[in-house]
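Report on the following structure.
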Amino acid sequence: QVPLVESGGGSVQSGGSLRLSCSASGYIDKNYCMGWFRQAPGKEREAVARLDRFGGTNYLDSVKGRFTIQRDGAKNTLYLQMNSLKPEDTAMYYCAAAPPNYRPTVGCLGRLQPDFAYWGQGTQVTVSS
């Protein structure tokens, strides 16, 4: 069973909005640290937003005020609302999850790629100027 499945990517013009969804398998519950990452061609994968089990969030500086990470516990789904999109937001976006006992010494809001145990297949976001 695929642990995470992203959807919602697409092509938009600069200034537009998209909402990405990440449907999680049943064992990935509210205690998991959740995150959204992105990777543009020729660049390293970077953390865009993280959400801890207490509702705390952390964002990449360049998306602060434009992106919002949210979790719907009833649907076991993670979202990334992206507003005021810019061409530099163009990338493949990935959902990630880490159980509480995975690298427990690393705080959720500071986790990087190696600190997440489960990944989705990615969804492409393309922003044109």
Side-chain angles (χ1 to χ4, degrees):
Q1 186 179 13
V2 178
L4 301 166
V5 179
E6 302 98 333
S7 61
S11 297
V12 295
Q13 290 191 330
S14 183
S17 297
L18 284 173
R19 188 177 78 158
L20 305 184
S21 299
C22 172
S23 179
S25 296
Y27 59 87
I28 298 177
D29 62 23
K30 62 180 180 180
N31 292 312
Y32 278 56
C33 174
M34 303 298 295
W36 285 100
F37 285 71
R38 69 186 182 187
Q39 187 167 19
K43 295 187 177 181
E44 294 187 354
R45 191 171 297 189
E46 61 181 356
V48 175
R50 308 170 191 89
L51 175 68
D52 69 17
R53 59 181 175 172
F54 306 111
T57 59
N58 177 275
Y59 295 93
L60 182 68
D61 283 347
S62 63
V63 308
K64 285 180 181 177
R66 301 188 297 122
F67 290 12
T68 303
I69 185 171
Q70 296 173 311
R71 176 175 11 211
D72 184 330
K75 296 181 179 180
N76 214 25
T77 299
L78 182 74
Y79 300 99
L80 184 68
Q81 177 67 44
M82 306 186 295
N83 299 326
S84 302
L85 283 162
K86 304 175 181 180
E88 51 263 43
D89 296 317
T90 295
M92 185 71 79
Y93 283 71
Y94 298 90
C95 175
N101 60 353
Y102 187 79
R103 301 196 176 193
T105 59
V106 181
C108 174
L109 300 184
R111 287 184 179 242
L112 302 176
Q113 182 178 351
D115 304 317
F116 285 86
Y118 303 108
W119 291 86
Q121 82 289 351
T123 187
Q124 178 67 38
V125 172
T126 303
V127 184
S128 58
S129 57

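Position 1 is the first residue of the sequence, and the numbers go up from there. Heavy atoms only: backbone and side chains are in, while hydrogens, waters and symmetry mates are out. What you are looking at is a predicted structure, and each value in this text was computed from that prediction instead of being measured.
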Revision key, fill the gap. When rounded to the nearest 0.5 Å, the distance separating CZ of Phe67 from CG of Leu20 is 8.0 Å

Check your understanding: Which residues satisfy the side-chain hydrogen bond (donor to acceptor under 3.5 Å, both in side chains) test with Asn83, sequence neighbours excluded?
Key -> Ser17, Gln81

Study note, to complete from the structure: Ala40 and Ala91 have their tightest heavy-atom pair at N-CB, 3.9 Å

Review point. Same cluster for Ile69 and Leu60 if Ile/Leu/Val/Met/Phe/Trp/Tyr side chains link at under 4.5 Å?
Key: yes

Review point. Do Ile28 and Leu51 share a hydrophobic cluster, counting only Ile, Leu, Val, Met, Phe, Trp and Tyr and linking them when any side-chain heavy atoms are less than 4.5 Å apart?
Key: yes

Review point. Any donor-acceptor pair under 3.5 Å linking the side chain of Gln13 with the backbone of Ser128?
Key: no

Point to revise | Set of side-chain contact (heavy atoms from CB on, under 4.5 Å) partners for Pro114, sequence neighbours left out | key: Arg103, Leu112

Check your understanding: Looking at side-chain heavy atoms only, is the closest gap between Asp89 and Arg66 below 4.5 Å?
Key -> yes

Point to revise | Beyond-backbone contact of Gln124 with Thr90, side-chain heavy atoms, under 4.5 angstrom | key: yes

Revision key, fill the gap. Hits for side-chain hydrogen bond (donor to acceptor under 3.5 Å, both in side chains) against Gln39, two or more places apart or cross-chain, chain-then-number order -> Arg45

Revision key, fill the gap. Output for pair (Ser25 OG, Leu4 CG), nearest 0.5 Å, gives 6.5 Å

Practice item. Answer with yes or no whether the hydrophobic clustering places Met92 together with Val48; edges join I, L, V, M, F, W, Y residues whose side-chain heavy atoms lie under 4.5 Å apart. Key: no

Study note, to complete from the structure: Here the gap from Thr77 atom OG1 to Met34 atom CE, rounded to the nearest 0.5 Å, amounts to 9.5 Å

Review point. Ignoring hydrogens and geometry, is there a side-chain-to-backbone donor-acceptor pair from Arg53 to Asn31 under 3.5 Å?
Key: no

Practice item. Please collect all disulfide (SG to SG under 2.5 Å) contacts where either partner lies in residues 89-129, sequence neighbours excluded, each pair once. Key: Cys22-Cys95, Cys33-Cys108

Review point. Can Phe116 be reached from Trp36 by stepping across I, L, V, M, F, W or Y side chains whose heavy atoms are under 4.5 Å apart?
Key: no

Practice item. Check for a donor-acceptor pair, side chain of Asn76 on one end and backbone N or O of Ala24 on the other, with a separation under 3.5 Å. Key: yes

Review point. Any side-chain heavy-atom pair from Glu44 and Gln113 closer than 4.5 angstrom?
Key: no

Practice item. With rounding to the nearest 0.5 Å, note down the distance linking OG in Ser11 to CG in Leu85. Key: 11.0 Å

Check your understanding: Can you check whether Met82 reaches Val12 side chain to side chain, under 4.5 Å on heavy atoms?
Key -> no

Review point. Which residue, Trp119, Tyr93, Tyr94, forms the ring-ring contact (aromatic ring centres under 6.0 Å, His included) with Phe37?
Key: Trp119

Practice item. Quick one: pull up CG in Asp52 and CG in Leu109 and give me the separation to the nearest 0.5 Å. Key: 4.5 Å

Revision key, fill the gap. Taking every heavy atom of Tyr118 against every heavy atom of Pro99, the minimum-distance pair comes out as CE1-CD, 4.0 Å

Point to revise | Shared hydrophobic cluster, Val127 / Val63 (ILVMFWY, side-chain heavy atoms < 4.5 Å) | key: yes

Revision key, fill the gap. Residues at least two apart in sequence or cross-chain that pass salt bridge (charged side-chain N to carboxylate O under 4.0 Å, His left out) with Asp61, listed by chain then number, are Lys64

Revision key, fill the gap. Value for CD (Glu88) from OG (Ser14), rounded to nearest 0.5 Å, stands at 7.5 Å

Point to revise | Partners passing side-chain hydrogen bond (donor to acceptor under 3.5 Å, both in side chains) against Arg111 (at least two apart in sequence or in another chain) | key: none

Point to revise | Donor-acceptor under 3.5 Å (Gln121 side chain, Val5 main chain) | key: no

